[in-house]
Peer 1: 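Sharing a structure, written as structure tokens. Questions coming.
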Amino acid sequence: NRIHYDYYIMEFQELTNYNSFDELFIRSFFSFNIKLRKPDINVYKHLINEVSINPSETLFIDDTIQNIQAAKKSGLNTYHIKGELTDLFTDGKLGPEIIRDLV
């Protein structure tokens, strides 16, 4: 929800060299904006259609295995976070060890 996002983005800015996720990704989506919630398959279909992406060239990151499983059914590449989102970053950049582990 928006309240959690506002809190998290402040923490994200303090811990990284970025102001928003949009500096890292072409586009980011949040349930409170698109009015759809994971793991409903329609969320993933909406994202794929909204930006005309090729699911096999797209990375979906989440900390909930149900969301990962639904995203995989949509053809998206996935990464299951088992710690904090900020663990993905080294010196403000997505670490190469994460890219190697993507499946």
Peer 1: What's the separation between atom CD1 in I68 and atom OG1 in T78, rounded to the nearest 0.5 Å?
Peer 2: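 Interatomic distance, I68 CD1 to T78 OG1, rounded to 0.5 Å: 4.5 Å.
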
Peer 1: In Å and rounded to the nearest 0.5 Å, what is the CG to CD distance from L15 to Q13?
Peer 2: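 Here the interatomic distance stands at 10.5 Å.
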
Peer 1: Hey, are the side chains of I65 and H80 touching, using non-hydrogen atoms and a 4.5 Å cut-off?
Peer 2: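 The answer is yes; the side chains approach within 4.5 Å.
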
Peer 1: Where is the tightest heavy-atom contact between N17 and E23, given as atom of each residue plus distance?
Peer 2: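 Taking every non-hydrogen atom into account, O-OE1, 4.5 Å.
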
Peer 1: Taking the side chain as everything from C-beta on, heavy atoms only, tell me whether I48 gets closer than 4.5 Å to S74.
Peer 2: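 SC-SC contact between I48 and S74 confirmed.
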
Peer 1: Less than 6.0 Å separating the ring centroids of Y44 and F60?
Peer 2: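 Yes, they do, as the ring centres are separated by less than 6.0 Å.
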
Peer 1: Which heavy atom of A70 sits nearest to which heavy atom of P39, and what is that distance?
Peer 2: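 Looking at all heavy atoms of both residues, the shortest contact is CB-O, 3.3 Å.
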
Peer 1: Report yes if the side chains of K72 and L76 come closer than 4.5 Å at any heavy-atom pair, otherwise no.
Peer 2: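 K72 vs L76: side chains apart.
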
Peer 1: Which distance, rounded to the nearest 0.5 Å, do you find between the OH of Y5 and the OG of S31?
Peer 2: 13.0 Å

Peer 1: How many angstroms lie between NZ in K38 and OG1 in T64, if you round to the nearest 0.5 Å?
Peer 2: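 Between K38 NZ and T64 OG1, I get 6.5 Å after rounding to 0.5 Å.
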
Peer 1: In Å, rounded to the nearest 0.5 Å, how long is the span from NE2 of H4 to CD1 of I9?
Peer 2: 14.5 Å

Peer 1: Just so I know, are the side chains of F29 and V51 near enough to count as touching, which here means a heavy-atom distance under 4.5 Å?
Peer 2: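 Yes. Closest side-chain heavy atoms under 4.5 Å.
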
Peer 1: Do side-chain atoms of E50 reach the backbone of H46 as a donor and acceptor pair under 3.5 angstrom?
Peer 2: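 The answer is no, because no donor-acceptor pair under 3.5 Å joins these two groups.
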
Peer 1: Is a side-chain N or O of T16 found less than 3.5 angstrom from the main chain of Y18, in a donor-acceptor match?
Peer 2: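 It does hold such a pair.
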
Peer 1: Are R37 and D40 close enough that some pair of their side-chain heavy atoms sits under 4.5 Å apart?
Peer 2: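 No. Closest side-chain heavy atoms not under 4.5 Å.
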
Peer 1: Verify, without hydrogens or angle tests, whether N77 (side chain) and S56 (backbone) share a donor-acceptor contact under 3.5 angstrom.
Peer 2: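 Confirmed, N77 side chain pairs with S56 backbone.
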
Peer 1: What is the distance from atom CG of L47 to atom CG of N42, rounded to the nearest 0.5 Å?
Peer 2: 10.5 Å

